[in-house]
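For reference, the structure discussed in these notes is given below.
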Amino acid sequence: MLGAPGAGKGTQCKRLVARYGIAHLSSGDILRKERAQGSELGRKAQAYMDRGALVPDELIIDMMKKAIDQAPEAGFVLDGFPRTLKQASALDQVLDVAGVRLDAVFNLEVDDAIIEDRMSGRRSCPTCGAVYHIRNLKPKREGFCDHDGTALVLRPDDELEVVRQRLVAYHQQTRPLIDYYKGRGILYQIDANDGVDVVDIQLQKIIDSLAKAGKGAVDQADGKAVV
Ligand code: ADP
Ligand code: AMP
């Protein structure tokens with residue numbers, strides 16, 4: 001799942017996981033867990049994350065290789081990885097060795113003004129990682145997680161200054177991946193400015209037609225989201 005920070009990748013991935021019974025491999029979530037545990041990887045990643053920079057490729061590639069190797073047979077959705085061309089090419093190698101095919105790459109396109117609103121309004125649960133929004137996706141009890149009652153927080157890297165740096169990193173280092181996957185014929189452009197349900201339905205339609213075709217190719221004549 002590609003998209004700017006705050007585009008809604010995590011939100012949509014959680015829905016895919018619930019619907020299709022696949023694993024959610026989120027590099028950001030794994031890094032936050034490593035940090036909370038005080039591991040060596042977590043300590044190394046900390047300074048980069050806090051200033052809105054990307055964590056070095058070598059650390060991320062090792063970490064995601066382990067996650068992919070442990071993923072269940074049912075498959076997985078990658079969220080936040082790859083984020084650089086080097087990571088994308090490392091991913092190709094990892095998948096090759098594992099004998100796994102990348103069926104589809106979704107690019108969630110969201111206008112800048114909407115991105116700002118989504119990031120400034122995002123509230124996260126430090127215990128279970130659930131994500132809410134102060135207007136768009138409110139918890140049942142304001143300020144507290146629906147699942148475990150923990151007080152919700154604004155992620156430190158969702159502060160305005162850090163958000164700006166994360167968007168710079170996204171434009172410089174991650175956007176080139178769109179052309180990388182376009183060239184491979186597996187990129188689906190998704191207009192993700194709409195509400196969560198509308199975006200979800202777009203993804204669902206594509207995935208279901210991929211499944212129907214029994215492989216990584218939808219009916220191109222359908223022309224809806226295929227690039
Ligand atoms: P990402 O994983 O791409 O960084 P998130 O899934 O955490 O983004 O979403 C960022 C914020 O925007 C969250 O607060 C989430 O609740 C909200 N959000 C996600 N998708 C939508 C949507 N389609 N419409 C409105 N708000 C959304
Ligand atoms: P996210 O939760 O996806 O928004 O990621 C939070 C932060 O973790 C990013 O701003 C980066 O510092 C770091 N990070 C997550 N995934 C990657 C990745 N694939 N490559 C480099 N850094 C990453």
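Remember, it's 1-based here, ligands and their atoms both numbered in the order they're listed. Source: prediction; values computed, not measured.
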Handout entry: Beyond-backbone contact of Q12 with V77, side-chain heavy atoms, under 4.5 angstrom
Key = no

Problem - Heteroatom distance test (R83, ligand 2): nitrogen or oxygen, under 3.5 angstrom - result: yes

Fill in the blank from the handout: D157 heavy atoms within 4.0 Å reach ligand 2 at atoms 6 (C)

Handout entry: Every residue of the protein that comes under 4.0 Å of ligand 1, judged on heavy atoms
Key = A4, P5, G6, A7, G8, K9, G10, T11, R118, R122, V131, Y132, H133, N136, L137, D194, G195, V196

Fill in the blank from the handout: ligand 2 to A53, heavy atom cutoff 4.0 Å, flagged ligand atoms 11 (C), 12 (O)

Problem - Charged N-O contact under 4.0 Å between E159 and R166 - result: no

Practice task
Output yes when R15 and D197 qualify as a salt bridge under the 4.0 Å nitrogen-oxygen rule, no when they do not.
Solution key: yes

Practice task
May I ask you to identify the nearest protein heavy atom to atom 13 (C) of ligand 2, giving residue, atom name and distance to one decimal place in Å?
Solution key: L31 CD1, 3.5 Å

Handout entry: Backbone or side-chain N or O of L54 under 3.5 Å from ligand 2 N or O
Key = no

Handout entry: P82 N/O under 3.5 Å from ligand 2 N/O
Key = no

Handout entry: Flag if over 12 foreign heavy atoms under 6.0 Å of OH, Y48
Key = no

Exercise for the section: For K14, look at atom NZ and say whether over 12 heavy atoms of other residues, nucleotides or ligands are found less than 6.0 Å away. Expected result: yes

Exercise for the section: Write out the residue and atom name of the closest protein heavy atom to atom 10 (O) of ligand 2, then the distance separating them to 0.1 Å. Expected result: R166 NE, 3.6 Å

Problem - Smallest separation among heavy atoms of V17 and A23, with atom names - result: CG2-C, 4.0 Å

Fill in the blank from the handout: Closest to atom 20 (N) of ligand 2 among protein heavy atoms sits Q87 NE2, 2.9 Å

Exercise for the section: Before accepting this row, confirm whether a basic side-chain N of the pair K66/D69 lies closer than 4.0 Å to the acidic partner's carboxylate O. Expected result: no

Exercise for the section: Look at atom 16 (N) of ligand 2 and say which protein heavy atom is nearest, naming residue and atom and giving the distance to 0.1 Å. Expected result: S27 OG, 2.8 Å

Handout entry: Cationic N near anionic O, under 4.0 Å, E161 to R164
Key = yes

Handout entry: Side-chain H-bond candidate by donor/acceptor type, Q173 with T84, under 3.5 Å
Key = no

Exercise for the section: Give the other cluster members for I115, using side-chain heavy-atom distances under 4.5 Å between Ile, Leu, Val, Met, Phe, Trp and Tyr residues; answer none if it is isolated. Expected result: V110, I114, M119, V163, L167

Problem - R32, any N or O under 3.5 Å of ligand 2 N or O - result: yes

Practice task
Could you tell me whether D158 and R123 have a side-chain N and a carboxylate O separated by less than 4.0 Å?
Solution key: no

Problem - same_hphob_cluster(Y180, L78) at 4.5 Å side-chain heavy-atom cutoff - result: yes

Practice task
Examine the proximity of ligand 2 to V55 and report which part, side chain or backbone, both or neither, has a heavy atom under 4.0 Å away.
Solution key: both

Completion exercise
Quick note on ligand 2: atoms under 4.0 Å from a heavy atom of R155 include exactly 1 (P), 2 (O), 4 (O), 6 (C)

